[in-house]
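Just so it is clear: chains get the letters A, B, ... in the order the sequence lines come, proteins before strands, and each one is counted from 1. In what follows, every heavy atom counts, from backbone to side chain, and hydrogens, waters and symmetry copies are set aside.
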Amino acid sequence: MVNLPDGSKRPIEPGWTAADLAKSIAEGLYRKAVGATINGELRDLFTPLNDGDTVCILKPEDKLSIELLRHSSAHVMAQAVQNLFPNAKIAIGPTIEDGFYYDFDIPDHKLTAEDLEKIEAEMKKIADSNQKLVRFYIPDVDKQIKEFKDQGEKYKAELLEEHRDHEPTLYLMQDKDGKTIWNDLCRGPHLPSTNHIKAFKLLKFSGSYWRGDEKKDHLQRIYATAFWSKKDLEDYLHRLEEAEKRDHRRLSKQLDLFSTHDEVGPGLVFWHPNLATVRAVIEDYWRDEHRKRGYDFVFTPHIASEELYKISGHLESYGENMYSAMDIDGMPYRAKPMNCPGHIMIYKTKLRSYRDLPLRFAELGTVYRYERSGVLHGMLRVRGFTQDDSHIFCTPEQMESEINGILDLIDSLMKTFGYTYKAYLATRPEKFIGSVEEWDQATEALKNAAKSRGLECEIDEGGGAFYAPKIDIKLYDAIGREWQGPTVQVDLNLPNRFDVNFIGDDNARHKVVMIHRAVLGSMERFVGGLIEHYAGAFPLWLAPIQAVILPIADRHYEHADKVAAALKEMGMRVKVDTRSETINYRIREAQLEQVPYMCVIGDKELAADGAALRHRREGDLGILNLNDIKVKFKEEIDSKESK
RNA sequence: GCCGACGUAGCUCAGGGGUAGAGCAACGGUUUCGUAAACCGUAGGUCGCGGGUUCAAAUCCCGCUGUCGGCUCCA
């Protein structure tokens, strides 16, 4: 007997596989079946069943089954590549979000775009020839390793050596007559046959390293994706295009947002007036929120004597990311890579009492870090950036409530910008400093603070920094993409290195607890992400130009100026477009610039002492008098809503 | 940093051994207009930088630089 997902039971005969079960339930189910979950685990359709198993036969429409399709497609791709390039050696080919890739070592050949087409065509041939994918337990691992080595498949040999104790399996790809055409070391599971592979596309190729280690062999990677239907594939490709349209670098050109310059150097961003306005508004909001929550603002210098970073340990542990020293009066100085030591300097100017704590120092602190040239990316990965950095100095007893306060601030800011998020608690890694007790205490505080406000935290075991357990928050934007978000870290290192203390109510010195946190991360990355999140259409409160006044003819200029003046009076950013262009033309320009509101002014509006409002998305909203317009704008700005 | 691709007018792009082309934008003029592109005209580029091959290089070769896609790393 086996259990089915609907709770019913069904008899099986000895030796039956999931496929046999499917057939006994319904011929139609058998025809559609591509795999199964057995006791919750994804398995091949031809996996033998045991009495008491809970079995779910997977059809293409089951969410889990796409994994089988993509993984099997990866093998078809590898086979295709080896057919076309007999010297190619295969490395690994996992599924990833939205697709899969395979790494190859192809001596004497660099993949080209044309190759991708050829490989795709070869894959189609393989898929259409309907090869069976058969699981095969390796009976003699040593023999198989030798065989791999003889074939030159050194990566497979290395992997097998590693997995020799895990019942390693090959997947044999067989033709109609049961003859094995190709095989690959793989844990599986897979589709029963390749004829399900109908809608796939090779997307791009790039370099990679064996095991991600740049000291090891250089490999060529092909990224691809597969779906059950052509339509799903097309929808996906369409989504990719949509995401491309949101690219902040592309929108920057359209909306005049930022630039970088050869003469200046890569990774150094110039904020143009439009984007600087957005940033300034965000910073004002940021300051307000911090002031409300009892933070003190500080400013610290952009360069400092190397001595500071010797004490902090950054020179030793972070030196590779720091710019080389400049000589000032014979002393080496460094550009600031982190704000923490500066904040500690301020803390340490006085003997602090427990009555002074918590102290919350906040700074929009600009730092410079060396990033390898290949990783720079628009505003999202740069060499000079401004962190919304803060360090909270508190007693161990205050730690939990401080973390709670931070999580509250994070929640409030992220909601304002319309992000949803997920939290991860990263615990003590293998290499760490400080004592286990300190780590446990800090980790507990993080955990409890999250728990007390109902924030679910996935545990990232061993994922902490060497000096701190932390809560990392991942953001999800308007189209569901993931962004690195806020972080809260309990620093177990710097208070020791700088000997940061307070006097307790017992009149003794105690080491202070230092919580490091960033909410927006860096202004560059955050605002760059916001551009994509809003697709360039900033909500009214953030928009560089909030409204354009469009007089129809010269005789309406005076009234247009009056409306503009009234809106400016209430602090709005407006402009009057009096260019000698048609009203259609000027509306089109304002639309393309993503201006939230257009105020069209002609004879009727003059008579009504108002304007005809047009919203960039909602279109013509009719004539409103000036006061109603002001009220409407004020409400929308104050609400910070996005529309 | 590594692998691959790319760099032509402000933008988007065409051309490709015989000394540069379109559309949009800009500028000048005409037009005074009712919710996404009025009309006419003008101007604009040592084809990323440096070197080489050649009678001749934007075009072929080499080096550098930047950008893009990844690897890796991270705010």
K.L.:
Grab the CG-P distance between A:Asp460 and B:C74 for me, whole Å please.
P.N.:
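From A:Asp460 CG to B:C74 P: 13 Å.
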K.L.:
Could you give the CG-to-C1' distance, from A:Asp577 to B:A37, as a whole number of Å?
P.N.:
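To the nearest whole Å, that distance equals 14 Å.
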K.L.:
Taking any heavy-atom pair under 4.0 Å as a contact, classify A:Glu524: base, sugar-phosphate, or nothing.
P.N.:
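The answer is nothing, as A:Glu524 stays clear of every strand by at least 4.0 Å.
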K.L.:
Which pairs, protein N/O on one side and nucleotides 2-5 of chain B N/O on the other, fall under 3.5 Å?
P.N.:
unit_1	atom_1	unit_2	atom_2	d
B:C2	O2	A:Tyr209	OH	3.0
B:C3	O4'	A:His218	NE2	2.9
B:C3	O2	A:Gly207	N	3.4
B:G4	OP1	A:Lys110	NZ	2.5

K.L.:
Round to the nearest Å and state the distance from A:Asp554 atom CG to B:G34 atom P.
P.N.:
14 Å
K.L.:
Could you check whether A:Phe85 and A:His109 have their ring centres less than 6.0 Å apart?
P.N.:
yes
K.L.:
Identify whether NZ of Lys or CZ of Arg in A:Arg239 sits under 6.0 Å from the centre of the six-membered ring of A:Tyr236 and within 45° of that ring's axis.
P.N.:
no
K.L.:
If you check every side-chain atom of A:Gln484, which of B:U72, B:C74, B:G34 has the closest atom?
P.N.:
B:C74
K.L.:
Please determine whether any donor N or O and acceptor N or O are separated by less than 3.5 Å between the side chain of A:Glu371 and the base of B:A75.
P.N.:
yes
K.L.:
So, OP1 or OP2 of B:C39: does either fall under 4.0 Å of a side-chain N or O from A:Tyr585?
P.N.:
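For B:C39, neither OP1 nor OP2 has a side-chain N or O of A:Tyr585 closer than 4.0 Å.
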K.L.:
Quick check: A:Phe633 with A:Tyr597 (ring centres under 6.0 Å apart)?
P.N.:
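Yes, ring centres under 6.0 Å apart.
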K.L.:
Can you measure A:Asp98 atom CG to B:G70 atom P for me and round it to whole angstrom units?
P.N.:
13 Å
K.L.:
Do the two ring centres, one from A:Phe385 and one from A:Tyr368, sit under 6.0 Å apart?
P.N.:
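No, the ring centres sit 6.0 Å or more apart.
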K.L.:
Quick check on B:C33: is either OP1 or OP2 less than 4.0 Å from any side-chain nitrogen or oxygen of A:Arg555?
P.N.:
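It does, given that an N or O in the side chain of A:Arg555 lies less than 4.0 Å from OP1 or OP2 of B:C33.
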K.L.:
Between A:His71 and A:Phe100, is the ring centroid distance below 6.0 Å?
P.N.:
no
K.L.:
Looking at B:C71, I'd like to know if its phosphate oxygens (OP1 or OP2) sit under 4.0 Å from a side-chain N or O belonging to A:Tyr223.
P.N.:
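True: A:Tyr223 side-chain N/O within range (under 4.0 Å) of B:C71 OP1/OP2.
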K.L.:
Assign A:Val367 to base, sugar-phosphate, or nothing according to its heavy-atom contacts below 4.0 angstrom with the strands shown.
P.N.:
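If one applies the 4.0 Å heavy-atom cut-off, A:Val367 turns out to touch nothing in the nucleic acid.
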K.L.:
Give the nucleotide from the list B:U72, B:G34, B:A36 with an atom nearest to the side chain of A:Gln591.
P.N.:
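Selected nucleotide: B:A36.
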K.L.:
Between B:U65 and B:U54, how many Å separate the two P atoms, rounded to a whole number?
P.N.:
28 Å
K.L.:
Checking base pairs now: Watson-Crick or wobble, both atom distances under 3.5 Å. What partners B:C68?
P.N.:
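Check on B:C68: paired to B:G4, both distances under 3.5 Å.
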K.L.:
Checking contacts here: which listed nucleotide (B:G1, B:G34, B:C74) is nearest the side-chain heavy atoms of A:Arg369?
P.N.:
B:C74
K.L.:
Quiz question: going by heavy-atom distance under 3.5 Å, is there a donor-acceptor pair between the base of B:A38 and the side chain of A:Thr582?
P.N.:
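No pair found.
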K.L.:
Rounded to the nearest 0.5 Å, what's the gap from CZ on A:Arg70 to OG1 on A:Thr225? Could you check?
P.N.:
4.0 Å
K.L.:
Write down the partner of B:A20 under the Watson-Crick or G-U wobble criteria, each distance required to be under 3.5 Å.
P.N.:
none
K.L.:
Say whether A:His290 and A:Asp388, considering side chains only, have a donor N or O and an acceptor N or O under 3.5 Å apart.
P.N.:
no
K.L.:
Rounding to an integer number of Å, can you tell me how far A:Asp247 CG sits from B:U67 P?
P.N.:
14 Å
K.L.:
A:Leu380 CG to B:C73 P: how many Å, rounded?
P.N.:
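Between P of B:C73 and CG of A:Leu380: 19 Å.
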K.L.:
Checking base pairs now: Watson-Crick or wobble, both atom distances under 3.5 Å. What partners B:C74?
P.N.:
none
K.L.:
What about the rings of A:Tyr223 and A:Tyr101, do their centers lie closer together than 6.0 Å?
P.N.:
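Yes: the rings meet the under 6.0 Å criterion.
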K.L.:
Spell out yes or no: do the side chain of A:Arg525 and the base of B:C74 have one donor N/O and one acceptor N/O closer than 3.5 Å?
P.N.:
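For A:Arg525, whose side chain was compared with the base of B:C74, there is a donor-acceptor pair (under 3.5 Å).
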K.L.:
Partner of B:C33 by Watson-Crick or G-U wobble geometry, both contacts under 3.5 Å, or none?
P.N.:
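No nucleotide pairs with B:C33.
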K.L.:
How about A:Phe393 and A:Phe361: are their ring centroids closer than 6.0 Å?
P.N.:
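Yes, ring centres under 6.0 Å apart.
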K.L.:
Between atom CZ in A:Arg586 and atom P in B:A38, what is the gap in whole Å?
P.N.:
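To the nearest whole Å, that distance equals 10 Å.
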K.L.:
Measure from CZ on A:Phe385 to P on B:C73 and round the result to the nearest Å.
P.N.:
17 Å
K.L.:
Centre-to-centre under 6.0 Å for A:Tyr102 and A:Phe104, is that the case here?
P.N.:
yes
K.L.:
Would you say A:His377 reaches B:G69's phosphate, i.e. side-chain N/O to OP1/OP2 under 4.0 Å?
P.N.:
yes
K.L.:
Under a 3.5 Å limit for both distances, which nucleotide forms a Watson-Crick or G-U wobble pair with B:U53, could you say?
P.N.:
none
K.L.:
With the threshold set at under 4.0 Å for non-hydrogen atoms, list the residues of residues 250-275 of chain A touching RNA chain B in residue-number order.
P.N.:
A:Lys253, A:Asp262, A:Pro266
K.L.:
Look at the side-chain N and O atoms of A:Lys204 and state whether any lies under 4.0 Å from the OP1 or OP2 oxygen of B:G70.
P.N.:
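So the side-chain polar atoms of A:Lys204 do come within 4.0 Å of the phosphate oxygens OP1 or OP2 of B:G70, strictly under.
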K.L.:
May I ask which nucleotide in the shown strands pairs with B:A9, Watson-Crick or G-U wobble, both distances under 3.5 Å?
P.N.:
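With both distances under 3.5 Å required, B:A9 matches none.
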K.L.:
Across all strands, who's sitting opposite B:A58 as a Watson-Crick or G-U wobble pair, both distances under 3.5 Å?
P.N.:
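Pairing partner: none.
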K.L.:
For A:Tyr209, does the six-membered ring have the charged nitrogen or CZ of A:Lys215 within the cation-pi criterion, i.e. under 6.0 angstrom from the centroid and within 45° of the normal?
P.N.:
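No, A:Lys215 and A:Tyr209 do not form such a contact.
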K.L.:
Would you tell me if any nitrogen or oxygen in the side chain of A:Tyr318 comes within less than 4.0 Å of OP1 or OP2 on B:C74?
P.N.:
no
K.L.:
Name the pairing partner of B:U46, where a pair is Watson-Crick or G-U wobble with both distances under 3.5 Å, or state none.
P.N.:
none
